[in-house]
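Inspection log for the structure reproduced underneath, given as structure tokens.
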Amino acid sequence: MSLLAELRRLMAAGEIRQLDWHFARFMAELDGTQSAGVIMGACLASAAVGRGSTCLRLSACAGQALADRRYDLKTPLLDDWREALLASSVVAAPGAHAPLVFDGDDRLYLARYWQEEGLLASALHQRVQMQPTGVDEALLEQGLERLFADDAGGPGSQRAAAAMAVRHSLAVISGGAGTGKTHTVARILALLSEQASAENWSALLAAPTGKAAARLAEAVRAQKMGLGVDALPESASTLHRLLGYGSGETPRYYAGHTLPADVVVVDEASMVDLPMMRALVDAIAPTTRLILLGDKDQLSSVEVGTVLGDICTAAESGAVLRPCVQSLRKSRRFAESQGIGQLAMAINAGDGGRVLEILYDEQFPGVSLRPLATSGVDGTGLQQLAAPWSAINGDAEAVQVLAAQQHFRVLCAVREGRSGIHHINTGVEHVLRQRGEILGSGRWYAGQPLLIRRNDYSLQLFNGETGVVLPDPERDGELFAFFAADEGTVRSFSPALLPAHDPAYALTVHQSQGSEFERVVLVLPPEGSRMLSRELLYTASTRARQEIEIWAGEQAVLQAVAQRVERASGLEVRLAGMDA
């Protein structure tokens with residue numbers, strides 16, 4: 001049986017995607033070869049992108065079984081694989097043109113992602129080299145003393161991060177939940193407005209999702225009155241909206257038509273994928289400051305790349321980036337004695353034993369572990385998960401209901417199965433119908449929480465935005481879907497016009513990024529699931545402000561703590577190599 005036929009069997013079994021198999025077949029046809037190195041390389045490089053990597057690292061998988069033992073397929077040995085790729089007409093060295101690029105350091109790329117990495121690395125390098133001119137150091141020191149009077153400064157402090165952001169064209173501020181990233185950036189904007197000589201100084205705020213953008217805007221508005229700076233922006237947008245993406249692939253703003261702003265702030269930068277970050281940097285003029293905020297320990301983008309993590313790691317080893325990156329260390333939301341803060345630190349440290357101790361320790365009432373059978377959430381569990389939604393009044397005004405729905409959420413690691421969002425969303429809705437708390441049998445009903453799954457540029461609704469269906473008193477009680485807008489207002493749409501959406505009683509952990517809830521129930525799949533990871537557990541835990549209850553077996557928790565998300569990328573190496 002030919003290698004392509006063997007790979008087709010894997011595709012039929014769900015081990016690889018149809019896209020990966022068709023790409024491998026196309027590369028074999030173009031190359032006019034049956035080389036195992038070329039076919040395997042093409043298939044696995046495509047599969048790597050599907051898993052969020054920008055490339056395939058040959059040394060990590062050479063000479064290994066491709067799937068389970070039923071298929072008896074192995075990747076080539078490393079030297080043989082290199083030789084096959086270097087001899088292929090569909091594989092190019094860096095700088096040449098071909099569908100695949102082999103970088104000489106055992107990384108095999110689809111050509112698009114080799115180019116995206118290179119363009120981003122080059123743009124960041126140029127931005128680092130272009131230091132802003134005309135910074136008034138005396139004025140800056142006065143501002144730092146006034147705005148950070150209780151901050152002694154030093155590495156890891158908000159004051160040091162603010163000073164860095166004023167002095168550099170690129171500023172990257174990473175920190176966990178409660179370390180004050182948005183508190184700091186509001187003061188950075190105040191300092192920059194003081195430095196500005198022009199009256200029309202302006203700043204733009206953005207985030208990857210609508211929810212994250214709304215939270216950023218709320219945080220800056222909350223600080224604005226206390227700071228007494230009129231120039232601070234009061235609204236934020238999604239990155240898609242900021243760059244002006246429409247139905248096509250080309251945004252309104254790009255290198256030839258840059259964003260009209262003196263500073264651009266992007267929150268939740270860990271969620272920004274490689275192509276979007278490259279488009280963002282392209283659209284920012286050399287004289288415009290770029291400030292990236294995020295948590296490098298959170299889950300990366302659902303799409304390709306680990307950009308924020310690569311930047312932060314490269315700064316640790318590369319002297320060029322190091323002055324532009326600060327990690328905030330002190331959490332002001334979670335005291336050292338608080339369970340969620342202790343839990344997050346233990347997860348990040350990879351200490352599974354300590355994680356279980358904290359979950360079982362009665363001195364930490366805000367965190368707990370509820371044993372969950374491998375069969376998943378049963379009927380009793382669904383009844384308990386439905387209970388918090390009973391307290392949300394579907395007859396209240398949209399702004400109030402949207403706020404109330406942020407008090408509680410179920411988070412899941414997976415979509416399918418009895419530990420997944422589909423089972424829980426369907427089950428909770430069924431329980432509420434049985435209790436008479438959902439009236440009618442239609443597709444939409446009062447109080448129904450919604451999550452948008454697909455961007456709709458005509459409606460300006462984007463993937464990840466959450467809303468609620470309610471009767472609209474201005475339309476004779478007809479059901480409309482309401483979504484948060486700027487400054488505490490809402491937008492409404494006929495439910496029939498909405499892009500693809502799901503019920504939102506339960507969200508995946510990825511979907512919850514950029515949101516916070518007073519109370520979270522995290523449902524984990526049984527041990528052995530590939531979705532369990534330290535980053536997932538950490539991200540979910542830090543979505544809760546007051547309380548998190550983890551529904552899982554002990555072994556699933558231990559596996560999650562021990563298992564890191566491994567994504568292959570060359571961006572870190574390229575950024576660290578900027579010193580040369």
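The residues Glu117 and Arg278 are annotated as not salt-bridged, no charged nitrogen and carboxylate oxygen being separated by less than 4.0 angstrom. Arg322 and Glu316 are not joined by a salt bridge, as no carboxylate oxygen comes within less than 4.0 angstrom of a charged side-chain nitrogen. Using a cut-off of 4.0 Å between Lys/Arg side-chain N and Asp/Glu carboxylate O, Arg354 and Glu357 are scored as salt-bridged.
Val185 is listed as a side-chain neighbour of Leu293, based on a closest heavy-atom distance under 4.5 Å. In this structure, the side chains of Leu242 and Leu280 come closer than 4.5 Å at one or more pairs of heavy atoms. The shortest side-chain heavy-atom distance between Leu292 and Met277 falls under the 4.5 Å cut-off. The shortest distance between side-chain heavy atoms of Trp551 and Val521 falls below 4.5 Å. The shortest side-chain heavy-atom distance between Phe517 and Leu507 falls under the 4.5 Å cut-off. Using a 4.5 Å heavy-atom cutoff, the side chains of Met345 and Tyr538 are not in contact. The shortest side-chain heavy-atom distance between Glu535 and Arg564 falls under the 4.5 Å cut-off. Between Leu575 and Ile311 there is a side-chain heavy-atom pair separated by less than 4.5 Å.
Put simply, the side chain of Thr539 gets close to the backbone of Leu299: a donor and an acceptor are under 3.5 Å apart. With hydrogens and angles ignored, the 3.5 Å screen pairs no side-chain donor or acceptor of Glu518 with any backbone N or O of Arg545. No donor-acceptor pair under 3.5 Å is formed between the side chain of Lys181 and the backbone N or O of Glu268. Here the side chain of Ser169 pairs no donor or acceptor atom with the backbone of Arg289 at under 3.5 angstrom. With Ser53 contributing its side chain and Ala568 its backbone, the two residues share a donor-acceptor pair below 3.5 Å. Under the 3.5 Å distance criterion, the side-chain polar atoms of Thr179 are matched with a main-chain donor or acceptor of Gly176. When atom types are taken as modelled, the side chain of Arg107 and the backbone of Cys55 share no donor-acceptor pair closer than 3.5 angstrom. Formation of a donor-acceptor pair under 3.5 Å by the Thr184 side chain with backbone atoms of Gly180 is found in this model. Within the 3.5 Å criterion, the main-chain N or O of Ala123 finds no donor-acceptor partner in the side chain of His125. Here the side chain of Thr313 pairs a donor or acceptor atom with the backbone of Gly309 at under 3.5 angstrom.
Shortest non-hydrogen contact noted between Arg491 and Ala484 is NE-O, 4.3 Å. Listed here is the closest heavy atom pair of Ala160 and Gly154: CB-O, 3.3 Å. Val490 and Ala398 make their closest contact through CG1-CB, 4.3 Å (heavy atoms, listed as atom of the first residue, atom of the second, distance). Across Ala121 and Leu571, no two heavy atoms sit closer than the pair CB-CD1, 4.0 Å. Of all heavy-atom pairs spanning Ser301 and Asp273, the tightest one is OG-CB, 3.3 Å. Residues Leu216 and Ala236 share a closest heavy-atom pair of CD2-CB, 4.5 Å.
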### side chain to side chain contact (heavy atoms under 4.5 Å, CB included) assessment of Cys312 paired with Val172
CA-CA 8 Å; Cys312 293; Val172 181; 4.3 Å; yes
### Task
Before giving the answer on side chain to side chain contact (heavy atoms under 4.5 Å, CB included), spell out for Val272 and Val307 the whole-Å C-alpha distance, their side-chain angles and the decisive distance to 0.1 Å.
CA-CA 7 Å; Val272 184; Val307 177; 6.0 Å; no
### Message
Apply side chain to side chain contact (heavy atoms under 4.5 Å, CB included) to residues Lys296 and Ser327 and explain how you reach the verdict.
### Response
CA-CA 9 Å; Lys296 63 181 178 60; Ser327 293; 4.2 Å; yes
### Message
Evaluate Arg543 against Glu516 for salt bridge (Lys or Arg N to Asp or Glu O under 4.0 Å), listing each step before the verdict.
### Response
CA-CA 5 Å; Arg543 296 312 87 206; Glu516 291 178 354; 5.4 Å; no
### Query
Hey, mind stepping through Tyr245 and Thr250 against side chain to side chain contact (heavy atoms under 4.5 Å, CB included) and telling me if it holds?
CA-CA 7 Å; Tyr245 276 98; Thr250 304; over 6 Å; no
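If you check the side chains of Ser270 and Asp295, you find no donor sitting under 3.5 Å from an acceptor. In this model, no donor atom of one side chain and acceptor atom of the other lie less than 3.5 Å apart for Arg453 and Gln511. Between the side chains of Trp114 and Glu116, no donor-acceptor pair is found at a separation under 3.5 Å.
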Mind listing the side-chain donor-acceptor pairs of residues 251-267 below 3.5 Å, one per line with the distance, residues two or more places apart or on another chain?
residue: His257; atom: ND1; partner: Arg252; partner atom: O; Å: 3.1
residue: Asp262; atom: OD2; partner: Ser202; partner atom: N; Å: 2.9

Could you pull out every donor-acceptor pair under 3.5 Å between side chains of residues 402-413 and any protein atom, sequence neighbours left out?
residue: Gln405; atom: NE2; partner: Gly447; partner atom: O; Å: 3.4
residue: Arg409; atom: NH1; partner: Ala504; partner atom: O; Å: 3.0
residue: Arg409; atom: NH2; partner: Gln405; partner atom: O; Å: 2.7

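The number of heavy atoms from other shown groups lying within 6.0 Å of CZ (Arg146) is above 12.
Here the straight-line distance linking atom CG of Leu120 with atom CE of Met276 works out to 13.0 Å at 0.5 Å rounding. Distance CG/Leu144 to CD/Gln158: 12.0 Å, rounded to 0.5 Å. Note: Met164 CE to His168 NE2 = 8.0 Å, rounded to the nearest 0.5 Å. Put simply, OG1 on Thr209 and CD on Gln513 are 9.0 Å apart, with the number rounded to the nearest 0.5 Å. Atom OG of residue Ser193 and atom CD1 of residue Ile188 lie 12.0 Å apart, to the nearest 0.5 angstrom. Interatomic distance, CD1 of Ile548 versus CD1 of Ile340, reported as 7.0 Å (0.5 Å rounding).
Identified under the salt bridge (charged side-chain N to carboxylate O under 4.0 Å, His left out) test for residues 132-145, with sequence neighbours left out: Glu137-Arg167, Glu141-Arg167, Glu145-Arg159.
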